Number of protein chains: 2
Amino acid sequence: MANIRDVAKLAGCSTATVSRFFNQKSVSADTERRIKTAIDTLAFSPNIVARNLKLKRSGMLGMIIPDISEPFFPAVVKTVEDVAWAHDYSLMLFNTQEDENRESQCVDILRGHQCEGILLIKAPPSPEHERYRAKLATLPLPIVYLDRSPDAERDAVLVDNITGAWRGVQHLLKLGHRRIAIVMMGRKVSTHLERLEGYRRALAEHGIEPAGQDIIQTEPTIADAYSATIQLLDRADRPTAIFATNARLTLGVIAAIKSRGLRCPDDISVLGHDGFDWQDVFEPRLTIVDQPGQLMGRRAAELLIGRITGTINGPVRRVVLNPELVVRESCGVYRDHTTSAFSATQS
Amino acid sequence: MANIRDVAKLAGCSTATVSRFFNQKSVSADTERRIKTAIDTLAFSPNIVARNLKLKRSGMLGMIIPDISEPFFPAVVKTVEDVAWAHDYSLMLFNTQEDENRESQCVDILRGHQCEGILLIKAPPSPEHERYRAKLATLPLPIVYLDRSPDAERDAVLVDNITGAWRGVQHLLKLGHRRIAIVMMGRKVSTHLERLEGYRRALAEHGIEPAGQDIIQTEPTIADAYSATIQLLDRADRPTAIFATNARLTLGVIAAIKSRGLRCPDDISVLGHDGFDWQDVFEPRLTIVDQPGQLMGRRAAELLIGRITGTINGPVRRVVLNPELVVRESCGVYRDHTTSAFSATQS
DNA sequence: CCAATCTATGTAATCGATATCATCATCGGC
DNA sequence: GCCGATGATGATATCGATTACATAGATTGG
């Protein structure tokens, strides 16, 4: 690969002049022409790594998420990449699989690459990585926690999961349900624990203490949620409603209900969590607690870039967005099953 | 940020020794201890950018895709990231929005970052970027085309879209359909043009020439597919089956059918394209032409890394994978609507 | 006991850019 | 016609690592 010296030699000038050419400094028309042809003949493309070493920047943002194939994340990542692009940043993406050890390696790699800031969807804390978490809180590098916040030392863009879940379960309670199960992700993921808390609070306000067997923790796959729900449904005293705390879990729950020949919401109600662009086409039309994924991505990316560029400074900012309860049919509010309107304004 | 010189100074040795420490070369036990404490007290993390400049590597792979929020891509990206991780590569991700101009900028950025190879899902060619495409074919950098192949000069991992579509439409024809519409993405995306070709061939074999109004090109959003399908359904002579050429289009078609109060497959059949992990929960259970997204990601990533490391050399490799026709209910084969079995072995 | 070998380490050039500082030619004004 | 301002350019140190080469001290063997 050609470097700036080769170009300089071919154009008959110094590397400084070539560098000036690339940085819009004054270069005579004649040298400019020579440099241009030199660049063309050598198919030269400047080495951004070298430039960045000198400039102590990198133009890179890191994004660490549990799993891009989890339905909630693509919209977040998409928005982040868009915002990053608009500010001339590139994105390095890592999946942790909810493994804190892998997460810690990702952070190291990003630091090493002189990445200018990190958007982090934290994996659940594990006992053997306390040191890593302590380090995380003090790394001299802008980090914005997204979705989950392991500590209060840093900027974060979160969702009020407790209130969201509370609102959803309240909705079920208002409809008369008293035996409500929750199918949630195990592994102590904070967002799910918060949703559990919202669920508990709503029930408590109606004097209900959920039975241990109605709190079901499982892996966040459709298959696992399916099996767990099958067991739940096969119990003699099955609940009248199920709250599933993310998209795949919701689908697993629905799959189990369908496979047992039950109808939702007629036989059992389902409250889901997280929205998708196909939610208006799905049957039953799901009542869900909807997180504003795109907005989360946008706010987090803008906050991070603001910190990097210095547009934003001062104390820690914690943006807490409100999930929205989107009422459709799966909890039994609407009984009209023939017209499932689809809003054409929605993308 | 501390650098290697600071560490050397604090440890009372030269930078060369510190470097040796990091690269597993022989260092005396005593210096090793001093270096370790120096690293700790300074919270030093080596600058990979500088190292890579010297070593002429970067440990980075680029992945350029149309849009991560398009349902087909997350599984591909996930697998690629996994394979990259297993080989100690990091991934830079870019969305082009099917805009070739943006794509070309992405390629420049990746080159600049000395990225070692690129996985490229090509945006459709636009007349004003011929020069870019010519350059692309000759860039001195391993590139593996994924899903779409703009030229035959490079490695590619593709799917036989013509045969896939042909097989699907054959299926419809065998079921007796003769008026089959296609709802496809406009913008001359090659994969969709190939699916159109497969559709045409299958029809031709039955002596059918599709009416121009049965070939519907639209933007790949649910909303646009919905509107386009509504118009189609409202025609006096509506077709008896619709082939939708990707996931969002399929959902838009289904949404339109539902919103017009029609039943699928009883009133109209739908052949979809692309699978998701929730496909077994969706109603109607869709018969689809399924692309092996994970396999594509894996093969492409392994091919790219093989080229980079030199494990794979020799002439251009073109891996063509077979899409699978997954027959469920939406074309009217199965009439048993009560048992929608869900395979628990599926993730 | 000294040459030969090995081990641990330092010195300095290098990767490919940028940017400071110096230099030199040109030009307008008085 | 001389002086200072302006513009174009070159030489060179620098960013933070690696590594070839040199060197000093320790070890080994005959």
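None of the values given here were measured: they were computed from a predicted structure. In what follows, chains carry the letters A, B, and so on, assigned in the order in which the sequence lines appear, proteins first and then strands, with residues in each chain numbered from 1.
Protein chain B contacts DNA chain D over a range whose 5' and 3' limits, counting nucleotides with an atom under 4.0 angstrom from a non-hydrogen atom, are D:dG16 to D:dA20. The nucleotide range of DNA chain C contacted by chain B, defined by atoms under 4.0 angstrom from heavy atoms of the protein and reported 5' to 3', is C:dA8 to C:dG16.
Residues forming a side chain to side chain donor-acceptor pair (under 3.5 Å) with A:Asp6 (at least two apart in sequence, or on another chain): none. For B:Arg298, the side chain to side chain contact (heavy atoms under 4.5 Å, CB included) criterion is met by B:Thr79, B:Val83, B:Glu302, not counting sequence neighbours. The side chain to side chain contact (heavy atoms under 4.5 Å, CB included) search around A:Asp82 returns A:Lys78, B:Arg102, not counting sequence neighbours. Looking at residues two or more places apart in sequence or on another chain, you find a side chain to side chain contact (heavy atoms under 4.5 Å, CB included) between B:Asp30 and B:Ser28, B:Arg33, B:Arg34. With sequence neighbours left out, B:Phe72 forms a ring pair (Phe, Tyr, Trp, His ring centres under 6.0 Å) with no residue at all. Residues meeting the side chain to side chain contact (heavy atoms under 4.5 Å, CB included) test with A:Ala137, sequence neighbours left out: A:Asp151, A:Glu153. With sequence neighbours excluded, the residues satisfying ring pair (Phe, Tyr, Trp, His ring centres under 6.0 Å) with A:Phe44 are A:Phe22.
Positionally, the nearest nucleotide of DNA chain C for B:Gly12 lies more toward the 5' end than for the other of B:Gly12 and B:Lys54. The residue among B:Thr17 and A:Ser19 whose nearest nucleotide of DNA chain C is located toward the 5' end is B:Thr17.
Proximity of B:Lys122 to B:Glu100: side-chain heavy atoms (C-beta onward) are separated by under 4.5 Å at one or more points. Using a 4.5 Å heavy-atom threshold, the side chains of B:Val320 and B:Val159 count as separate.
For residues 35-46 of chain B, every residue pair satisfying the side-chain hydrogen bond (donor to acceptor under 3.5 Å, both in side chains) rule, not counting sequence neighbours, is listed here: B:Glu32-B:Lys36.
Heavy atoms of B:Val18 sit nowhere under 4.0 angstrom from any nucleic acid atom.
Shown for residues 28-53 of chain A: residues whose heavy atoms fall under 4.0 angstrom of DNA chain C, namely A:Phe44, A:Pro46, A:Asn47, A:Ala50, A:Arg51, A:Leu53.
Counting non-hydrogen atoms of neighbouring residues, nucleotides and ligands closer than 6.0 angstrom, the CZ atom of B:Arg299 reaches no more than 12 such neighbours.
Proximity of a side-chain donor or acceptor of B:Glu103 to a complementary backbone N or O of B:Thr96 within less than 3.5 Å is not detected.
Salt-bridge annotation for A:Asp108 and A:Lys135: present, with a side-chain N of the basic residue lying under 4.0 Å from a carboxylate O of the acidic one.
Across the helix from C:dC1-D:dG30 to C:dC30-D:dG1, the helix axis at one end is tilted relative to the axis at the other end by 40° (nearest 10 degrees, each axis from five pairs).
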